[in-house]
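Accompanying notes for the structure given below.
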2 protein chains.
Amino acid sequence: MSSTTTKIEPIGAVRERVLATLRQEIISGGLRPGDRLVERELAERFGVSRVPVREAIRALVAEGFVHFETPRRIVVRRLTPNDVKELFELREALEVYAAGLAAARATPQDLAEVEELLDRAAAATEAGDAETITDVNSRLHDRIVAMADNSLLIEALEPVAGRLRWMTRRNEEWPQLLVEHRELYEAIASGDPDRARAHALAHVRTNYDSTVRQLFGEAAELT
Amino acid sequence: MSSTTTKIEPIGAVRERVLATLRQEIISGGLRPGDRLVERELAERFGVSRVPVREAIRALVAEGFVHFETPRRIVVRRLTPNDVKELFELREALEVYAAGLAAARATPQDLAEVEELLDRAAAATEAGDAETITDVNSRLHDRIVAMADNSLLIEALEPVAGRLRWMTRRNEEWPQLLVEHRELYEAIASGDPDRARAHALAHVRTNYDSTVRQLFGEAAELT
DNA sequence: GTCCGCAGTTTGGTATACCAAACGCGTTGC
DNA sequence: GCAACGCGTTTGGTATACCAAACTGCGGAC
């Protein structure tokens, strides 16, 4: 079917395209928690067969965006306060550790790159450009983790970052966020792992509190 | 084909069977680093179609046992000293954090279960029963992580534990291991997260050193 | 003798077809 | 009227078929 309707795609591209689209729709809210994913339906919609759709769904399961509600029923995951708590705990474990490694391993080039990102974040914050702020902040975290120079750590944090973007769309006290990022950077640049870990910890905890407030309101904080 | 030769299997069982078998063969050494995994070959060997084999291979990739050496060439991963270092760093991040949570959250039932496991480990160590020691130690770590009461943490540690079993077959100073486990347990039971974290950290580091010695010899420790 | 190129083979990616279990809904019996 | 049974539909699991890219090896040209 597709051979007549679409140009030939690079190898493995169909699965990636379906995966990226679905993930994007979940993160942006087009697909909402509880919405069902039906293989045949999606295959028809994307104009592909069920096989790549299937693999994309598996990947989404692995990333934690969807799950098998019953043996044959795949739905977008519902976010309970406990889910958020667990996610932030995992994030805390990984990012705090990464910050400690980063302090020990960062090269001058690494630090220069982060400094540039901080400048861009500052400009975007001043301008109130939410899109850019989100993007730059995401890159910032990526760079800090990359400084830890451990590919497994990077892999482990990928799905965490994805789910984080999912639940923390537009909230954030941006100026406060910028201050924390700068402090974290300075701690890492100082080469003191303990200081870096402390700042990373504080940052994640602050971010957790604000996320919980945004998602569930003040009352729910007593998880 | 299979409908005439084999009984009907429970849903999703084929993929799981193939996955479990391949993982076991990698861990036990039947499949060695650099060995190739060929879909058609495995499908024929297991008497199943390529689809479940395919999904099993994807899972093995996600777990880190195999990787795409080139776009069409899937091989059992080779273990470099850096791989081991990265794995133990990830383990350190997760297990140390889990130990801290466990100290804060463990229930008396949890502690009783761990105590029982420790007794069994002690008996097995005295008897020199390697099989049982390995099994009990594995359960011990599982129980400790379970005490942290965070399903994401458990999920994240699953592939780590698998790769760990892969690289740490039969070595270990068992009596020393037992002492460390008992100390970690006592730290957790004391309810002091910092103490628990310190013991977990020491335990992982010791285990790392002995693993590196086993795999690469004394000389390679200067990674 | 070496290197480049072409054709056959290998192999993972994708599409299609069939199967069996689970779900829904209507019917029927109490 | 309500509950339980049963049949049809839905849907994910598995098998098979076809495709295109990459690898291999042989042969010819320089």
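Keep in mind the model is a prediction, meaning the values are calculated, not measured. Chain identifiers are assigned alphabetically (A, B, ...) following the order of the sequence lines, protein sequences preceding nucleic acid strands; residue numbering begins at 1 within each chain.
The pair A:Arg91-A:Glu158 does not count as a salt bridge, with every side-chain nitrogen at least 4.0 angstrom from each carboxylate oxygen.
Put simply, the side chain of A:Arg32 does not reach to within 4.5 Å of the side chain of A:Val76, judged on heavy atoms. The side-chain heavy atoms of A:Val61 and A:Arg58, taken from C-beta on, include no pair separated by under 4.5 Å.
The environment of B:Glu69 atom CD is dense: over 12 non-hydrogen atoms of other residues, nucleotides or ligands sit within 6.0 angstrom.
Within residues 52-62 of chain B, the residues approached by DNA chain C to less than 4.0 Å at the level of any non-hydrogen atom are B:Arg54, B:Arg58, in residue-number order.
Both B:Val38 and B:Val51 sit near DNA chain C, but only B:Val38 has its closest nucleotide nearer the 5' end.
Taking atom CD1 of A:Ile74 as the reference point, atom C1' of D:dT10 lies 13 Å away to the nearest angstrom. When rounded to the nearest whole Å, the span between CZ of A:Phe46 and P of C:dT14 equals 14 Å. A straight line from CG of B:Leu37 to C1' of C:dT11 spans 13 Å, rounded to a whole angstrom. Between A:Leu42 atom CG and D:dT11 atom P the separation is 11 Å, expressed in whole Å. Atom CD of B:Glu69 is separated from atom C1' of D:dA22 by 14 Å (rounded to the nearest Å). If you measure from atom CZ of A:Phe68 to atom P of C:dA22, you get 14 Å, rounded to the nearest angstrom. In this structure, A:Arg72 places its CZ atom 11 Å from P of C:dA20, rounding to the nearest Å. Per the geometry, CD belonging to B:Glu39 stands 11 Å off C1' belonging to C:dT14, to the nearest Å.
With A:Glu39 as reference, A:Arg54 is the one residue of A:Arg73, A:Arg54, A:Arg45 to meet the salt bridge (charged side-chain N to carboxylate O under 4.0 Å, His left out) rule.
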From CA spacing to verdict: side-chain hydrogen bond (donor to acceptor under 3.5 Å, both in side chains), A:Asp110, A:Thr107: CA-CA 5 Å; A:Asp110 287 331; A:Thr107 68; 3.1 Å; yes
Test log, rule side-chain hydrogen bond (donor to acceptor under 3.5 Å, both in side chains), inputs B:Asp83 and B:Thr80: CA-CA 5 Å; B:Asp83 289 335; B:Thr80 67; 3.2 Å; yes
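Here the side chain of A:Arg15 is nearest to one of D:dT14, D:dT11, C:dT14, namely C:dT14. Taking only side-chain atoms of B:Arg36, from C-beta outward, the nucleotide of C:dG13, C:dT16, C:dT11 with the closest atom is C:dT11.
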Are there any protein N/O atoms within less than 3.5 Å of an N/O atom in nucleotides 17-19 of chain D, and if so, which ones and at what distance?
from	atom 1	to	atom 2	distance (Å)
D:dC18	N4	B:Arg40	NH2	3.4

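The distance from atom CZ of B:Phe65 to atom CG of B:Leu37, rounded to the nearest 0.5 Å, is 12.0 Å. Here A:Ile144 contributes atom CD1 and A:His181 contributes atom NE2; the two are 6.5 Å apart, rounded to the nearest 0.5 Å.
Regarding contacts with the backbone of D:dA15, a side-chain N or O of B:Ser49 is found under 4.0 angstrom from either OP1 or OP2.
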